[in-house]
Number of protein chains: 2
Amino acid sequence: MRALDDDIHTTAALRMSSAGGQRYTSSRRSIVEVLAHSDHPLTLPQILALDPTLAQSSAYRNLAELIAAGVVHRIVVADEHGHFELAEDLTGHHHHLICLSCGSVTDFVVPAKAEATIDRALNSIAEERHFEVEHHRLDLVGRCQTCLT
Amino acid sequence: MRALDDDIHTTAALRMSSAGGQRYTSSRRSIVEVLAHSDHPLTLPQILALDPTLAQSSAYRNLAELIAAGVVHRIVVADEHGHFELAEDLTGHHHHLICLSCGSVTDFVVPAKAEATIDRALNSIAEERHFEVEHHRLDLVGRCQTCLT
DNA sequence: ATGAGTGCAAAGGCTTTGCATTAGG
DNA sequence: CCTAATGCAAAGCCTTTGCACTCAT
């Protein structure tokens, strides 16, 4: 389901050097490591909490480079912090459960068949509107199990 | 497809007074009017441009009240301005084409049949994850016709 | 040695808030 | 009258940037 950690770092390093001769430093590796070990997107404060040696501004800068290299993806849930996760081609296509109450974001996968239906519908819309699709975004917004109890 | 303008204002006024005795002032009416006449979500600067008599801070405050009353919905596309639109029960369920290049947001509707498939898939996920769904969010992210040429 | 990377502190940009004034019921 | 609403300016919050220092090649 998910590539081995080594593969992820190898791929990340490769993409970084391809995308403008960026080095895959230990800070960057650490960020990728933290993201790879989480089963849901993380905010910057969460990343820093998981690796307190990281400096905030450098983390933001490194995330920007990782995003530019296609290693990391940033999602915007509401207006608080952005959430960062590894690019989908490293982790697989998935969607998000977004809790309105605690702001948590969790991953989920929809059955291939439903995903295919969605893709078909979206592609025909895109074609008729002359819109070039980069990706789609399907999220459930509501209240998570923890917040319901 | 969309309720008559008068109905929208009547509904809006009603929801405002129900939601904590808020008055439906001319500024608020004007915001709703502007949103009702747009076929896509608007940012605050866009709203102000369409009605220059509105003051920024009051507009934000009024939008917050309108959102609390369930008249307006705010969507977050990226990290620039938020986008405001009338609540879906006033305009009908729809989705968004989000252009990465110019940041524009356009509405689209997916065929009822596909929408039903999506709902079914999402509901079963929600049930199995004990997640209480408030709404779902399905957007296409890419490049719009204008930006492609 | 040379350019990328780092970290601190300061600046930016969108939104919210404090406060005194105005207006609607 | 009395409470809500308004508008200006100031503050907040997340993120980005300037700059001097460090590190790897």
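Quick caveat, the model's predicted, so the values are computed rather than measured.
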Q.
Using ring centroids (six-membered ring only for Trp), state whether B:His94 and B:His40 fall under 6.0 Å.
A. no
Q | Ring centroid separation B:His93 to B:His136 under 6.0 Å | A | yes
Q: Fit a plane to each ring of A:His73 and A:His135, take the angle between them on a 0 to 90° scale, and name the class: parallel (under 30°), tilted (30 to 60°) or perpendicular (over 60°).
A: perpendicular
Q: If the plane angle is over 60° it's perpendicular, under 30° parallel, otherwise tilted; pick one for A:His9 and A:Tyr24.
A: tilted
Rounding to a whole Å, what distance do you find between [X]:[atom1] and [N]:[atom2]?
X	N	atom1	atom2	answer
B:Arg29	D:dA5	CZ	C1'	17 Å
A:Leu48	D:dC14	CG	C1'	12 Å
A:Glu65	D:dT17	CD	P	11 Å
A:Arg23	D:dA24	CZ	P	9 Å
A:Arg61	D:dC14	CZ	P	19 Å
A:Leu66	C:dA4	CG	P	17 Å
A:Leu63	D:dT16	CG	P	9 Å
A:Leu54	C:dG7	CG	P	8 Å

Q.
Quick check for you: among D:dT16, C:dG18, C:dG5, whose closest atom lies nearest to any side-chain atom of A:Tyr60?
A. D:dT16
**Q.** Selection from D:dT3, C:dG7, D:dA24 that lies nearest to any side-chain heavy atom of A:Ser58
**A.** C:dG7
Q.
Please compare A:His83 and B:Thr25 by the position of their nearest nucleotide in DNA chain D and report the one closer to 5'.
A. B:Thr25
Q: Classify the nucleic acid contact of B:Arg28 as base, sugar-phosphate or nothing, counting any heavy atom under 4.0 Å across all strands shown.
A: sugar-phosphate
Q. Pick from A:Thr53, A:Asn62, A:Asp51: which one makes a side chain to side chain donor-acceptor pair (under 3.5 Å) with A:Ser30?
A. A:Asp51
Quick one: is [X] getting a side-chain N or O under 4.0 Å of the [N] phosphate, OP1 or OP2?
X	N	result
B:Ser57	D:dC8	no
B:Ser27	D:dT6	yes
A:Gln22	C:dA4	no
A:Asn62	C:dG5	no

Q.
What residues from residues 69-80 of chain B pass a heavy-atom cutoff of under 4.0 Å to DNA chain C?
A. B:Arg74, B:Glu80
(Q) Measuring from atom CZ of A:Arg15 to atom OG1 of A:Thr11, what distance do you get when rounded to the nearest 0.5 angstrom? (A) 6.0 Å
Q. Is it true that A:Asp107 and B:Arg129 make a salt bridge, defined as a side-chain N closer than 4.0 Å to a carboxylate O?
A. no
